[in-house]
Amino acid sequence: MKLILLFSISLWICSSFSNSQRNFQNRTSNFQVGVILDLESMVGSMGLSCMSMALSDFYSVHSNYSTRLSLHVRDSRGQVIEAAAAGLDLLKDVKVDAILGPQTSGHANFLMDLGDRAQVPIISFSATSPSLHTRTPYFVQSAQGDETQVGAIAAIVKAFQWSQVAIINEDSEYGSGIVPYLSNAFQSINAHISYRSVFPVSASDDFVLKELYKMMTLQTRVFVVHMSYTLGARLFLKAKEIGMMDKGYAWIITSGLTDSVYLMDSNVAEAMQGVLGVKPLIPISKQLNSFANRLKKRSLEKSPGIGPADLSIFGLWAYDTLWALAMAAERVGLKETPKALGNSSVHLNVSDLFNFKTSGVGPQLLKAMSETKFEGLSGKFHLVDGKMESSSYQLINVVGSGQKKIGIWIPSHGIRRELNMNSTTTNHTNSREYMRSIIWPGDSTVVPKGWEVPMSGKKLKIGVPVKAGFTDFIRVTRDGQANAHISGFYIDVFKSVMEALPYAVPYELVPFENPDGSSAGTYNDLIHQVFLRNYDAAVGDITITANRSKYVDFTLPFAEGGVLTIVPTTHEDVNDIWAFLKPLKKELWLTSIAFFFLTGLTVWILEHRVSSAFRGPPSQHVGMIFYFPFSTLVFAHREKIVNNLARLVVVVWMFVILILSSTYTASLSSRLTVQRLQPSITDVSELIKKREFVGCQEGSFIVDFLKKQGFEGSRIRTFTSPYDCDEALSRGSKNGGISAFYDVIPYSKLFLSSHCDKYMTVGPTHRTDGFAFAFPKGSPLVADVSRAVIELTENGKILEMEQTWLRNEPTCAGQEESMNSITISLQSFKGLFAITGGVTAICLLVFIASYLYRYRDFHRRISNSPITIWSKVVAICRHFDQRSLSSGLSPQDKLPEATITCSENSIQPTDLPRTHEIVSSAPEDAIHLEDMSSAQHSGVVHPSA
């Protein structure tokens with residue numbers, strides 16, 4: 001019985017398990033997923049293997065899910081037509097809910113249109129062209145777009161200060177999509193794209209060699225390569241063959257090539273030694289290590305030493321993409337029956353080939369996938385606007401049979417040696433200091449400078465201006481029909497600069513002249529020829545101007561800049577009736593007179609109440625105010641100073657007078673005994689107002705400069721030699737000459753050194769940026785030549801050459817002294833006037849404060865009295881006009897009492913304040929009030945003085 005019972009229970013359990021299994025299978029919803037890959041390619045076979053492993057891993061972890069993915073694999077054989085046919089088959093016959101794959105950007109270009117018609121998501125883990133995801137919402141890029149890596153490439157170029165690069169890309173959707181983004185990235189770091197080479201996808205070896213030989217003739221030695229790994233392998237093999245992988249070259253490859261380096265043959269890897277590359281940063285994790293070990297066991301990788309760092313990023317993206325699709329399918333749940341496409345106008349006259357049903361689950365699946373987020377093998381999986389969210393990039397160096405990690409580029413922080421998530425540093429840095437050591441092509445450890453003069457026998461063609469005169473700094477001469485001989489100070493400077501460069505640069509100096517030996521144009525014409533690249537540079541007395549800098553790049557100036565105005569001189573007239581006023585300038589005269597009055601007024605205020613010499617009728621007061629300070633000029637004042645504050649003011653003022661008078665005497669004596677030169681024109685604006693003729697060198701930028709200053713073009717005359725300038729200045733504007741000559745500082749100094757007794761400069765120095773060497777825009781020589789100019793300037797080499805060339809030039813003894821005016825300005829006496837003004841003001845304030853405090857009761861009663869403001873002022877002034885009885889004066893200093901008889905109507909009671917109502921606490925105030933009261937009744941006034 002027990003056996004029978006156990007057997008029955010077992011049958012019941014098996015029956016129940018079988019029914020549950022049958023019910024689970026009935027509840028499972030299968031999603032049909034198409035896979036279109038080139039199974040003969042490394043990326044295609046790798047992707048399929050990784051998706052198979054992802055499918056197995058996902059459902060072994062999520063065995064309770066009610067949805068399953070069924071993969072339908074199609075081989076595109078690398079052809080767009082095969083991929084399109086596979087897509088039509090999957091959409092029309094299999095009725096897939098999603099398509100994984102189109103492996104290349106070209107394949108995706110066509111399949112995305114089919115997916116848009118059927119509303120089926122087209123999901124690619126290897127098509128990375130930036131232009132794909134913008135065409136239809138049904139195309140999903142589950143890979144990093146190529147545009148996300150241009151920042152890392154630009155950071156490398158900036159870190160090594162390369163000023164120009166050449167781009168090599170294949171002629172395909174994948175190859176050309178990144179170019180605009182590279183251009184913008186290089187422009188943001190001031191790097192110039194000097195050349196772009198486009199390779200057909202099926203380029204022959206002859207074509208590759210032809211392009212490489214062409215690039216060897218360029219100055220650029222930095223190349224950025226963006227192409228498929230098959231074409232890239234052939235490129236580097238040929239570059240190695242002709243010597244373009246030697247010392248001095250720098251190669252940067254994009255993510256697609258970098259990811260495929262370990263898949264290439266050993267001879268290709270050997271040819272790529274020293275190449276720099278970028279690829280998305282893969283975070284190391286236990287899951288990644290486990291996946292790498294299992295992948296190794298399946299023998300999908302040829303290298304026996306495979307590790308996580310060698311895994312293909314495309315394989316990891318394929319793995320994560322299938323996980324994301326499986327998660328999205330589970331979110332959607334049960335599928336809806338597909339709907340047939342309606343026979344709308346869009347489909348009129350279209351073959352039945354494109355008449356397939358619209359997916360009902362496709363839009364839901366697309367939405368669910370865009371909301372899916374998880375940590376995958378390649379990092380964080382998160383779609384933003386239908387493409388993978390950008391992340392950091394790893395910088396690698398191809399060394400030996402592998403890749404050496406040299407740094408990490410983080411979008412918000414720039415280049416870093418390690419990824420430190422706990423770092424608090426927020427500054428953005430693109431510096432080589434944050435990279436590890438690099439092995440460059442040719443097994444070199446020296447950083448390539450990024451450019452070289454091509455070793456093809458071609459020399460740099462340097463244009464030199466040809467001038468008939470003004471040859472002190474640059475001279476072009478010929479001996480019969482022989483070659484031109486070019487010499488001069490500035491030519492020696494250029495030669496010394498080129499010798500100071502850390503490398504040899506072959507060049508030849510070529511005169512800018514016509515066949516008959518005459519000048520071929522102005523300096524602006526020479527600059528334009530450099531802009532057209534008919535010359536590789538231009539040297540000489542070329543001034544940096546804003547307009548010229550639009551067409552060429554200038555080095556740092558090697559000679560001072562500035563434009564001077566040269567005018568004839570005249571002798572100063574010492575017999576002028578106003579000659580005595582010329583030693584001091586107008587503002588100094590006015591300031592001195594003002595301080596004379598201020599000092600006299602201050603002394604009168606301080607002495608009026610205590611000294612009999614400063615009392616008397618009003619006319620005597622005014623006279624004393626003006627007389628006293630002027631009498632100090634010859635120390636003829638006899639008035640006794642009683643107040644200590646007044647004594648301090650007078651002492652300081654006499655010190656100022658002593659210095660001022662001594663200076664005036666010396667200046668006037670010098671003017672009357674020494675004949676001095678002065679400019680015939682003191683104000684340059686007079687030249688413009690009077691429409692005078694002015695001159696400058698022929699072909700110079702000064703013609704345009706004078707027009708901007710306001711001179712008419714018809715009033716500007718040009719000259720070819722200093723002799724012509726001398727003749728024109730001597731004749732003057734009214735006699736067919738000129739009134740002023742404009743030239744740059746170096747030539748002006750030379751001209752004046754020979755004619756210092758006839759001409760002088762006047763007016764301000766108009767600033768310019770000096771003489772410099774001109775190179776075509778983007779020339780890499782500019783920076784190195786500028787550094788050499790700085791070096792020669794600092795070590796005094798340029799100064800030595802100037803002294804050698806100009807030592808025989810005539811000089812004028814005492815030129816500066818004879819030309820400088822000795823009229824004294826206010827600036828020389830500002831300190832003295834500040835001292836005397838400060839002392840005077842302080843003494844005056846102390847006296848006023850003391851007076852107000854001493855008679856505070858009187859002033860308080862005056863201010864509180866109900867009389868008019870004018871009456872208050874009169875009362876205070878009369879009070880101040882009293883003699884101070886407590887001053888301690890000797891009897892002889894006191895004035896005798898006097899009386900003034902006047903009519904009874906001369907002073908009316910209404911004209912004075914009601915003084916009988918005001919009681920002062922001071923004794924002299926009481927006496928004064930009594931006198932005023934008795935005067936009102938008797939008609940006699942006793943003055944207080």
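Nothing here was measured: the structure is a model prediction, and the numbers come from that model.
Between I253 and F236, some side-chain heavy-atom pair lies under the 4.5 Å cut-off. For the pair I542 and F771, the minimum side-chain heavy-atom distance is 4.5 Å or more. When side chains are defined from C-beta on, W451 does not count as touching T220, because their heavy atoms never get closer than 4.5 Å. When side chains are defined from C-beta on, V201 does not count as touching T230, because their heavy atoms never get closer than 4.5 Å.
The pair D443-K247 fails the salt-bridge criterion, with no side-chain N (NZ, NE, NH1 or NH2) lying under 4.0 Å from an Asp/Glu carboxylate O. Remark: E800 does not engage K797 in a salt bridge, criterion side-chain N to carboxylate O under 4.0 Å. Ion pairing of E241 with K238 is present here, as a side-chain N (NZ or NE/NH1/NH2) and a carboxylate O approach within less than 4.0 Å.
The aromatic rings of F160 and W440 sit perpendicular to each other, their planes meeting at more than 60°, with 30° as the lower class boundary. Relative orientation of the F751 and F741 rings is tilted, given thresholds of 30° and 60° on the angle between their planes.
Under the ring-ring contact (aromatic ring centres under 6.0 Å, His included) criterion, F705 pairs with H766, not counting sequence neighbours. Every residue two or more places apart in sequence or in another chain that forms a salt bridge (Lys or Arg N to Asp or Glu O under 4.0 Å) with K749 is listed here: E560. For the ring-ring contact (aromatic ring centres under 6.0 Å, His included) test, residues two or more places apart in sequence or in another chain that qualify with F199 are F207. Not counting sequence neighbours, H485 has no partner by the ring-ring contact (aromatic ring centres under 6.0 Å, His included) test. Applying the ring-ring contact (aromatic ring centres under 6.0 Å, His included) test to F775 and every residue at least two apart in sequence or in another chain returns nothing.
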Side-chain donor-acceptor pairs under 3.5 Å in residues 488-501, sequence neighbours left out?
residue : atom : partner : partner atom : Å
D492    : OD2  : W805    : NE1          : 2.8
S496    : OG   : D492    : O            : 2.9

Can S163 and H192 be said to form a side-chain contact (heavy atoms from CB on, under 4.5 Å), step by step?
CA-CA 6 Å; S163 60; H192 174 63; over 6 Å; no
Trace of the side-chain contact (heavy atoms from CB on, under 4.5 Å) decision for I167 with Y195:
CA-CA 6 Å; I167 297 178; Y195 185 73; over 6 Å; no
Could you check M216 against I242 for side-chain contact (heavy atoms from CB on, under 4.5 Å), going step by step and ending with a plain yes or no?
CA-CA 9 Å; M216 284 185 70; I242 65 175; 3.8 Å; yes
CA sep, side-chain torsions, deciding dist, call: Y759, D726, side chain to side chain donor-acceptor pair (under 3.5 Å):
CA-CA 9 Å; Y759 310 110; D726 180 25; 2.4 Å; yes
Candidate pair M801 and I798, rule side-chain contact (heavy atoms from CB on, under 4.5 Å), full reasoning:
CA-CA 5 Å; M801 288 186 288; I798 293 181; 4.1 Å; yes
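A donor-acceptor contact shorter than 3.5 Å links the side chain of K777 to the backbone of S549. Under the 3.5 Å distance criterion, the side-chain polar atoms of T555 are matched with a main-chain donor or acceptor of F773. The backbone N or O of A203 sits less than 3.5 Å from a side-chain atom of R234, completing a donor-acceptor pair.
A pairwise comparison of heavy atoms in G450 and W162 identifies CA-CD1, 3.5 Å as the closest pair. Between I702 and C696, the shortest heavy-atom contact is CG2-CB, 3.8 Å.
Figure legend: cation-pi geometry between K459 and Y507 absent, as NZ or CZ is not positioned both under 6.0 Å from the six-membered ring centre and within 45° of its axis.
Ring centroids of F473 and Y747 are separated by less than 6.0 Å, placing the two rings close together.
Atom NZ of K210 has 12 or fewer heavy atoms from other residues, nucleotides or ligands within 6.0 Å.
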